[in-house]
Amino acid sequence: MLSNPKGYPIDLNADLGEGGANDAALLQVITSANIACGGHTGDHSSMLATVKLALTSGVHIGAHPSYPDGENFGRQPMVISDQELLTSLYQQISSLKAVCDSLGAKMFHVKPHGALYNQAAFNEHLGGILIDVIKRIDPTLKLMILAGSPLVNQAKSHGLTIIEEAFADRRYLANASLAPRQMQGAVIEENAQAMEQVEQLLANKPLTTLDGALLRLRADSICIHGDNEHALSLAKLISVRLTAGKKL
C-alpha cells in the first residue's frame, strides 16, 4: 500500500497547477498533487505557487509532464521526434524539480498527462522514453501510471517504483484503457456515479466498462481531475469515505 500524509487506506491524487480555481481547497483533502510543468499548461509562476501550497498542505508532490502542446491541452496524440519528446519531458520535469529544490520540497513522483499518459501506458517505445527521462533526472522518482497497463511491468523491469492509478471520474474499456473523452459516458459527471466507482475500486470489485466487459483493477491511488466542474465536491466525498475507512 502507498503510504500517504493523511493516513487514508489508498492515495488520492489530483492534477493541479492547470488554472483551476480549487487548487488550494483540493490540497486540503488529497494526498498527492500532480503539478503541470509547462507542456500542456503551467509556467514558473504557477509551479512556484502550487508547490508552495502543496508544501504547506503536506501532500506528495509530483510532476505532470505532457506532450508540448498547449493548444490542445496535451489531449491529442502528437507527431514528434524521439529526441524532441525526450528533451521536452526532461525540461518539464527538471523545471518542477528546480522549483521544489528552491523551496526545500521533495519531488515524489511523475505522472504523465493526457494523450502521453494514455499512449505511453500501452506503447512500449513511448514508455521507454518516459522511463529513460525519469532515470536521468532521479531514478528514485516513482512513476504514477494507469493501473493494469503494460507500462506497469515495463517500468518495474527497469527498476522504477510504480504507483498504479485508477480513476473516480472516468470510464474504462475492456483492455483497461480509459475510454476516449469523445465517447458518450467516458467522463463521469455525477458524484453519485463516481462514488459508486470508488466503492468498487476500494472493494476490488469489477467495473463495467463502456464496451460491456467486467474489469477488475488493483490501484495504489485514485485520481480526480482538478479541472472537472465537480472536482472539489467529489474530492470531499471521497475524503470522507477514506477517512471513515482508515482502519480498513
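Just so it is clear, the values below take in all heavy atoms, side chains as well, and ignore hydrogens, waters and symmetry mates. Along the sequence shown, the residues carry numbers beginning at 1.
- In this structure His109 satisfies the ring pair (Phe, Tyr, Trp, His ring centres under 6.0 Å) test with no other residue, sequence neighbours excluded.
- Annotation: side chain of Asp11 is not in contact with side chain of Asp220 (no heavy-atom distance under 4.5 Å).
- Residues Ala63 and Leu96 share a closest heavy-atom pair of CA-CD2, 3.4 Å.
- When all heavy atoms of Ala179 and Ala186 are compared, the pair lying nearest together is O-CB, 3.7 Å.
- Within the model, atoms CG of Leu12 and SG of Cys223 stand 8.5 Å from one another, a figure rounded to the nearest 0.5 Å.
- For the pair Arg181 and Val187, the minimum side-chain heavy-atom distance is below 4.5 Å.
- Counted by atom type alone, Tyr67 and Gln119 present one or more donor-acceptor pairs between their side chains at under 3.5 Å.
- Using a 4.5 Å heavy-atom cutoff, the side chains of Leu217 and Leu215 are in contact.
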Worksheet item: After noting the C-alpha distance and the side-chain angles of Val59 and Lys6, does the key distance pass the side chain to side chain contact (heavy atoms under 4.5 Å, CB included) rule?
Response: CA-CA 8 Å; Val59 306; Lys6 294 182 173 64; 4.1 Å; yes
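- For Asn191 and Ser233, the side-chain atoms include at least one donor-acceptor pair closer than 3.5 Å.
- Gln197 and Arg170 share no side-chain donor-acceptor pair at under 3.5 Å.
- For the pair Leu242/Val198, no side-chain contact is recorded, criterion being any heavy-atom separation below 4.5 Å from C-beta on.
- Applying the 4.5 Å side-chain rule to ILVMFWY residues, one finds Leu173, Met183 in the same cluster as Leu210.
- Sorted by first and then second residue, the pairs that involve residues 163-213 and meet ring pair (Phe, Tyr, Trp, His ring centres under 6.0 Å), not counting sequence neighbours, are Tyr117-Phe167, Phe167-His225.
- To the nearest 0.5 angstrom, Leu53 atom CG is 6.0 Å from Leu27 atom CG.
- In this structure, CG in Leu232 is found 5.0 Å from CG in Leu26, a value given to the nearest 0.5 Å.
- The two residues Ala147 and Arg218 come nearest to each other via the heavy atoms CB-O, 3.6 Å.
- Legend: residues meeting side-chain hydrogen bond (donor to acceptor under 3.5 Å, both in side chains) with Thr56, ordered by chain and number and at least two apart, are absent.
- Formation of a donor-acceptor pair under 3.5 Å by the Glu165 side chain with backbone atoms of Ala219 is not found in this model.
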Worksheet item: Are Leu141 and Phe108 close enough, and set up right, to give a side chain to side chain contact (heavy atoms under 4.5 Å, CB included), and what steps lead you there?
Response: CA-CA 6 Å; Leu141 288 170; Phe108 187 78; 5.9 Å; no
Worksheet item: Given the rule in the side chain to side chain contact (heavy atoms under 4.5 Å, CB included) test, do Leu116 and Leu89 qualify, once you have shown the distances and angles that lead to the verdict?
Response: CA-CA 11 Å; Leu116 178 64; Leu89 294 176; 3.6 Å; yes
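- In terms of heavy atoms, Leu146 sits closest to Ala176 at CD2-O, 3.2 Å.
- Counting only residues at least two apart or in different chains, salt bridge (charged side-chain N to carboxylate O under 4.0 Å, His left out) contacts with residues 120-137 comprise Asp132-Arg136.
- Cys37 places none of its side-chain heavy atoms less than 4.5 Å from the side chain of Val99.
- In this structure, His64 and His40 have perpendicular ring planes: the angle between them is above 60°, well past the 30° mark.
- Under the 4.5 Å side-chain heavy-atom criterion for grouping Ile, Leu, Val, Met, Phe, Trp and Tyr, Ile222 is not connected to Ile188 through any hydrophobic cluster.
- Of the N and O atoms on the side chains of Ser45 and Asp43, not one donor lies less than 3.5 Å from an acceptor on the other residue.
- Nearest heavy-atom pair across Ala120 and Leu126 is CA-CB, 4.0 Å.
- The structure places SG of Cys100 at 12.5 Å from NZ of Lys52, a figure rounded to the nearest 0.5 Å.
- Counting heavy atoms from C-beta on, the side chains of Asp15 and Ile35 never come closer than 4.5 Å.
- In this structure, the side chains of Phe122 and Leu151 stay at 4.5 Å or more apart for every pair of heavy atoms.
- Contact annotation: the side chain of Ile134 approaches that of Leu160 to within less than 4.5 Å [non-hydrogen atoms, C-beta and beyond].
- Side-chain atoms of Thr243 come within 3.5 Å of backbone atoms of Ser239 as a donor-acceptor pair (strictly under, hydrogens ignored).
- Taking CG of Asp69 as the start and CE of Met78 as the end, the distance is 5.0 Å to the nearest 0.5 Å.
- Residue pairs meeting the salt bridge (charged side-chain N to carboxylate O under 4.0 Å, His left out) criterion with at least one partner in residues 187-215, sequence neighbours excluded, are Glu199-Arg241.
- Donor-acceptor pairing under 3.5 Å is recorded for the side chains of Gln83 and Thr87.
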Discussion item. Under the criterion side chain to side chain contact (heavy atoms under 4.5 Å, CB included), I'd like the reasoning laid out for Glu164 against Met144: C-alpha separation, chi angles, the key distance, then a yes or no.
Written reply: CA-CA 6 Å; Glu164 292 194 65; Met144 185 179 288; over 6 Å; no
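- Counted by atom type alone, His125 and Asp82 present one or more donor-acceptor pairs between their side chains at under 3.5 Å.
- Minimum interatomic distance between Asn34 and Lys111 (heavy atoms only, all atoms of both residues): ND2-CD, 3.5 Å.
- Looking at Ser32 and Asn13, their side chains never bring a donor and an acceptor atom within 3.5 Å of each other.
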